[in-house]
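To find a chain, count down the sequence lines: A is the first, B the second, and so on, and within it residues start at 1. Basis for what follows: all heavy atoms, side chains included, without hydrogens, waters or symmetry-related copies.
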Amino acid sequence: MTLSSQPADDAEPLAKPIVSLKSVTKRFPGIVANDSISIDFFPGEVHVLLGENGAGKSTLVSMLSGLQQPSEGSIAVDGTEMPIASPQKALSLGIGTVFQHSMLVPSLTLIDNVNLGGSWWKTPDREAIAKRMEETALSIGVEVNPAAITSSLSLGEQQQAEIVRALMRGSRFLILDEATAMLTPKDAEKLGQLMRRLVAQGLAVIFITHKLNEAVAYGDRISVLRLGRKVGALGPDELKSLGPEAATKEIIRLMFGSNGNQAAETTRAAGSARPLVTATDPLLEILALEVDDDSVPVTGIELKIGAGEIVGIAGIDGNGQKQLSEALAGQRPVKNGRIYLDGQPIEDLPIGARRHRGLRYVTDDRLGEGTVGAFPVSINLLLKQIGEAPFWRSGIEQGGAIAENARKQVKDYDIRTPDIETPAGKLSGGNIQKLLLARELTGSARAVIFAKPTYGLDLNNIAASRRRIREAADGGKAVIVLSTELDELIELSDRIAVMSQGRIVGIVENDGDARQKIGEFMSGVAA
Amino acid sequence: MTLLTAAFLTALLAGAITAGIPLLLAGLGEQLSEKTGVLNIGIEGMMLAGAYLGFLVAWKTDSVFLGFVGGAGGGMLVAAIMALLCVRFGLNQIVIGIALTLGAEGATAMLHYFQFAQTYPRLGAISSLPIPLLADIPVLGPALFNRPPIVYIALLLVAVFAYVYRKTYWGIALQAAGDKPAALDSSGVSVLGIRSVAVLLTGALVGLGGGFMAIVGAGIFVPFMTNGNGFIGIVLAMLARGRPLWVLGGAALFGACLSLTTALQVAGVDIPTDVIQMLPFAAVMGVLVMLGRKANLPSALGAAYVRGAR
Ligand SMILES: Nc1ncnc2c1ncn2[C@@H]1O[C@H](COP(=O)(O)OP(=O)(O)OP(=O)(O)O)[C@@H](O)[C@H]1O
Ligand SMILES: [Mg+2]
């Protein structure tokens, strides 16, 4: 892995910015999401935007892509001030965006999603588009299935398809809002190299990430946002002279201010941090589980998880993890096999009954199935307990109890929201994730399934979330963590199972050479 | 059975088509709106406006063609209000839809009263366009292939829409507008534009259906004459789940039931008409119970689109 930065040295003094933000402010009711931000974006540079959850990165992106208009300030393109009045305008200026949350139409095929925006009177040549799509995907080293219906794909696969689509549109200013959040480290590295190639051709790229190693590896220039303000920037020269390590330190200081130390600690403290737990009687037991699916049917899953044990499930996204976790949670019928929780079969129980038995599922689809965007934060925190005491009595909402619960969880989990009555959909991506964690981890959970529990979180919140997962296990719960991030699994798990094409192809103890063995299982070397 | 004579069957089939064409047009129109995410409850009103204006123009100009243009225009007029209020301004689609239907009922009744007082002038018979050879088939020929051109056009529209939905960029955009408008918007296509056009076209189709009822079906205009046909169109669109051919099937079924009432009376069979008129609704409920569980209506159906809202 090449983690050295390769900035375009001489580009800076000569080149004029493609896009400049001039004291741009964006207000939403109760919050200033962007506060008088000025940034220049140069051709030939990967410009990394960093900042904790809710810092205002996505808001900035939505103004550049024409979805939002600045409350104050202006945007200049090629030196001329002009409002980016609509997404259409943004596209015609060559600004292509991969948004943080999927912008694909679930009911259409990937081909037709590429076709959105074609001249209405024409008939699309679907075969040619499929071919072009496959070629583009190949050029960045990923695989797509153009004919697949979008909703049948995992979020990671959808994200890859969106990147491919943005490239197919021939943008000269490419914005990637957390585009690596769902990718495996290997695919993320491929995307990094692609960004380097694109800027070498003179494109400008905005790259938003929470992974600082990616930021220093692929970025030419870094701007840091905090509470809506730009609090610092590192130019190409500084990045070069500091070197990756010192640069990372400086960034953390900028991002988190005084409490940055904690985050810095946790980034270094990777590795098997907890004493390994050897399974006692299994608390959660999965026997010969089969789940039907058109694209990735899941077969022959055998897993036993004891109290206090964390089992990681590794694998490239789209290898049946979604199907497996949904079947465990009760959102998808089990075709065959058994699931025991505390010795009781639960595979035929509906979602609510499984929750009552103590099974919890933290979905990775935080907007689609995790929350109801229009409901307030307070209700979303109780979404799976609607109608239950003490929050509802005889069907009547108990405002006091609901608010108290919400205030406590908002505080405990550091959910940044203007108010507990704010609709959940208005929170930043990372804060919605915190809301989900808060909801699923409170109460009498026995077994918890986490799907990509830290995706889209900033360093502090990753550390906090992982701590909570560990605490959950230490409190005697059985824990499954599905993740595409190997580091995360190695940090958390006692054992790691590797999934490939709907099967578990191997289970390893998380000891010294787990990484090696998992790699072998994933690539099919060890079978 | 003396019932199953050629004359009876011809009358039955011809009646089914006469009754079914307005339903077909209403269903196709509603389907178009719903595809883009607009739940168009106002089509009953658009249909009535089309019936009134269609009749008025046909009567004044003595031209059936201009009558149909007037019908489509009448529907579009009401649809324009819907597009403005529900698509542009994002007001509640159900409330506005009901208001438009009630408003159109009142307005057409009132205008008709001022225009004609209590008289009901009748239009002349419509000349039909027999299709060579096909028109000579017994029973089927006179009922299906010896009709005014508008009948053929309406039937042709089924194929046109099936083609548009499956094969064109516009079809893709329509579906995207109903399923995930933000995705369409961020691809540079105006969601409000697509929806407005769809609602206006719905008005034209439904208005044409209303015009058909007045000009071809009845030959006169009577206040409230659409009598729930628009609402049946909404039901058809819901059942058809985006497929124009299913709208045709549904319209045929409903049309047949409606015409059976008349045909049986002609044949002198005495079954209360109310019972027969209930048949299509019973059929719908049957279909709903069998197939209705897996409703896959557009996810954004009924919701206004506001860019950047989340
Ligand atoms: N449409 C909106 N309406 C109301 N508030 C909004 C809206 N969009 C963003 N916000 C608020 O603006 C702030 C910044 O959000 P933004 O999504 O830009 O954060 P972010 O930096 O992208 O965070 P994350 O890393 O979690 O994605 C948040 O507090 C969010 O709640
Ligand atoms: Mg964001």
Side-chain angles (χ1 to χ4, degrees), chain A residues 26 28 58-59 61-63 65-69 85-93 95-109 111-126 150-151 162 165-166 169 367-368 373-374 423-429 432, chain B residues 32 34-37 90 92 159-198 200-201 241-243 293-310:
Chain A
K26 180 68 190 178
F28 291 114
S58 298
T59 305
V61 169
S62 65
M63 286 189 288
S65 49
L67 280 179
Q68 302 272 9
Q69 299 305 311
S86 66
Q88 192 170 15
K89 175 83 183 170
L91 287 173
S92 72
L93 290 168
I95 302 174
T97 312
V98 175
F99 291 93
Q100 183 173 2
H101 298 118
S102 169
M103 281 291 189
L104 298 173
V105 181
S107 59
L108 293 176
T109 60
I111 303 176
D112 282 351
N113 268 294
V114 172
N115 283 334
L116 288 179
S119 313
W120 63 270
W121 59 90
K122 289 188 189 153
T123 37
D125 182 351
R126 292 193 163 100
T150 305
S151 60
E162 284 203 84
R165 179 173 71 171
R169 284 178 176 159
L367 287 185
K426 292 201 192 300
L427 302 192
S428 83
I432 296 176
Chain B
L32 180 60
E34 283 185 10
K35 264 230 157 105
T36 67
N92 186 299
V160 169
F161 275 107
Y163 178 82
V164 163
Y165 291 154
R166 300 183 59 141
K167 297 281 184 191
T168 65
Y169 281 111
W170 192 45
I172 297 169
L174 289 170
Q175 187 170 342
D179 257 350
K180 190 148 180 181
L184 184 66
D185 194 20
S186 67
S187 293
V189 181
S190 160
V191 174
L192 303 193
I194 290 274
R195 287 185 172 181
S196 301
V197 169
L200 284 176
L201 278 180
R241 294 185 211 143
R243 282 162 297 192
R293 283 166 215 275
K294 215 174 130 202
N296 58 353
L297 293 169
S299 0
L301 186 63
Y305 178 67
V306 184
R307 177 181 291 160
R310 55 180 211 183

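Heavy-atom distances place no part of F28(A) under 4.5 Å from chain B, backbone and side chain included. For S86(A), the parts lying under 4.5 angstrom from a heavy atom of chain B are both the backbone and the side chain. Residue S62(A): no heavy atom, backbone or side chain, is found under 4.5 Å from chain B. With a 4.5 angstrom heavy-atom cutoff, S102(A) touches chain B via backbone and side-chain atoms both.
Counting heavy-atom pairs closer than 4.5 Å to chain A, the top residue among I194(B), L184(B), V189(B), D179(B) is D179(B).
When each of T97(A), I95(A), L67(A) is checked for a side chain to side chain contact (heavy atoms under 4.5 Å, CB included) with P87(A), only L67(A) meets the rule.
Using a 4.5 Å heavy-atom threshold, the side chains of R165(A) and L116(A) count as touching. Between Q88(A) and S190(B), every side-chain heavy-atom pair lies at or beyond the 4.5 Å cut-off.
A donor and an acceptor atom, one from each side chain of R169(A) and S187(B), are located under 3.5 Å apart.
Judged by distance alone, with hydrogens and angles left aside, the side-chain atoms of R126(A) form no donor-acceptor pair with the main-chain N or O of I111(A) at under 3.5 Å.
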